[in-house]
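Nothing fancy with the numbering, it's 1 onward along the sequence. Start at 1 and go down the list; that is how both ligands and their atoms are numbered.
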Amino acid sequence: MGEDAGRDLECQKIMDGKVNSGSGSEKVVPSCCLKARVSAPELEAKCHSTVVSGWFSESQSSSALTDKAGKMVYFNNPMWPGEAHSLKVKSILFKEKSDYQEVLVFESSTYGKVLVLDGIVQLTEKDECAYQEMIAHLPLCSIPSPKTVLVVGGGDGGVLREISRHSSVEHIDICEIDKMVIDVSKKFFPELAVGFEDPRVHLHVGDAIEFLRHVPKAKYDAIIVDSSDPVGPAQELVEKPFFETIAQALRPGGVLCNMAESMWLHTHLIEDMLSVCRETFKGCVHYAWTSVPTYPSGVIGFLLCSTEGQPVDFLNPINPIEKLDGAYHHKRELRFYNSEMHRAAFALPPFLKREVRLLRD
Ligand code: SPD
């Protein structure tokens with residue numbers, strides 16, 4: 001069999017939900033079971049940004065395959081097979097490959113500027129507030145007077161902008177692997193990159209796992225993991241060793257807020273992450289979510305975990321944003337988060353509780 005035909009067959013298998021189990025036999029994987037899929041070599045054929053006839057489509061591969069009947073089949077992102085969200089492009093502002101990923105910025109006709117990494121929308125000017133405000137304030141409003149915070153990823157600066165509303169915070173470390181993301185944000189997304197101007201921010205460009213290895217135990221009150229999806233550079237950020245290092249870097253009663261994908265698409269991944277976090281974080285572990293129209297399926301979730309120590313009641317903010325002076329007298333108004341949205345974020349639909357055993361009451 002020729003090389004192309006072999007690759008087509010392999011790609012067809014993954015589209016059919018079959019991967020090699022390693023023992024030579026094939027097993028069928030549910031479409032959302034990322035862990036099985038990330039080990040598949042087919043994913044080497046990464047998704048790249050495509051703009052066709054003035055539309056950006058997330059995340060159609062630049063290569064197409066031919067099915068048995070000779071029809072062209074597009075191989076889209078394995079994290080959301082069978083769907084591709086599109087935005088109309090006004091102009092492409094930046095497109096380059098960094099050491100880690102393809103970075104694209106374009107001006108859309110209805111969502112403002114858009115940042116895309118390896119073909120996946122990371123943020124748009126219109127709806128970024130729903131993500132950055134929630135991922136930052138859900139943990140920081142759940143503990144009294146947070147002082148030391150670490151952001152993993154978050155190179156666009158939006159999460160830093162939100163943390164800076166908390167005047168109790170004295171020190172913010174951020175560890176972002178890709179300097180190009182920071183530079184591009186400073187150039188094209190000043191409303192987010194403003195977060196880097198806070199003198200409490202200490203920037204570390206490098207691998208978060210390596211960074212965490214050198215962090216003194218119990219250094220942080222809160223850690224926020226604002227990663228991209230676990231394909232490419234962020235793959236290790238859903239694995240147990242990563243969560244174990246996070247737990248060690250948190251003080252007793254410290255909190256983690258970790259991006260945790262979509263309840264419509266990734267229940268297997270959510271279940272896996274919950275299970276790892278329940279083993280690792282001896283305080284409590286909850287799932288919350290927010291609505292982000294330009295993310296696949298229009299929603300994204302967060303895992304909220306606390307270490308053993310002073311108990312944390314994530315569902316009822318003990319440090320309400322409405323009482324924080326700095327939160328309102330800030331360069332930018334809050335657009336999405338308030339205490340009501342905080343409490344609502346933990347309400348879960350029955351289908352999710354049925355599908356994810358660990359979310360049952
Ligand atoms: N599917 C997209 C998930 C992106 C999560 N990170 C966004 C970075 C914004 N600061």
Which residues pass the side-chain contact (heavy atoms from CB on, under 4.5 Å) test with Lys126, sequence neighbours left out?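 Per chain and number, Lys126 pairs via side-chain contact (heavy atoms from CB on, under 4.5 Å) with Tyr111, Thr124.
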
Please say whether the positively charged group of Lys187, taken as NZ for Lys or CZ for Arg, lies over the ring of Phe94, i.e. under 6.0 angstrom from the six-membered ring centre and within 45 degrees of the axis.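 No, Lys187 does not lie over the aromatic ring of Phe94.
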
Every pair of nitrogen or oxygen atoms between ligand 1 and the protein that is under 3.5 angstrom apart - can you list them with their distances to 0.1 Å?
{"from": "ligand 1", "atom 1": "1 (N)", "to": "Asp229", "atom 2": "OD1", "distance (Å)": "3.1"}
{"from": "ligand 1", "atom 1": "1 (N)", "to": "Asp229", "atom 2": "OD2", "distance (Å)": "2.8"}
{"from": "ligand 1", "atom 1": "6 (N)", "to": "Tyr131", "atom 2": "OH", "distance (Å)": "3.4"}
{"from": "ligand 1", "atom 1": "6 (N)", "to": "Asp226", "atom 2": "OD1", "distance (Å)": "3.3"}
{"from": "ligand 1", "atom 1": "6 (N)", "to": "Ser227", "atom 2": "O", "distance (Å)": "3.0"}
{"from": "ligand 1", "atom 1": "10 (N)", "to": "Gln132", "atom 2": "OE1", "distance (Å)": "3.1"}
{"from": "ligand 1", "atom 1": "10 (N)", "to": "Asp156", "atom 2": "OD1", "distance (Å)": "3.3"}
{"from": "ligand 1", "atom 1": "10 (N)", "to": "Asp156", "atom 2": "OD2", "distance (Å)": "2.6"}
{"from": "ligand 1", "atom 1": "10 (N)", "to": "Asp226", "atom 2": "OD2", "distance (Å)": "2.7"}

Identify which one of Arg200, His137, Lys147 satisfies the side-chain hydrogen bond (donor to acceptor under 3.5 Å, both in side chains) criterion when paired with His166.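 Considering Arg200, His137, Lys147, a side-chain hydrogen bond (donor to acceptor under 3.5 Å, both in side chains) with His166 is found only for His137.
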
Please identify each residue that fulfils side chain to side chain donor-acceptor pair (under 3.5 Å) with Ser142, with sequence neighbours left out. none

Just to verify, what does Ser98 make a side chain to side chain donor-acceptor pair (under 3.5 Å) with, not counting sequence neighbours? Asp178

What I'd like to find out is whether the side chain of His171 reaches to under 4.5 Å of the side chain of Lys219, using heavy atoms alone.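 In short, these two side chains touch, coming nearer than 4.5 Å.
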
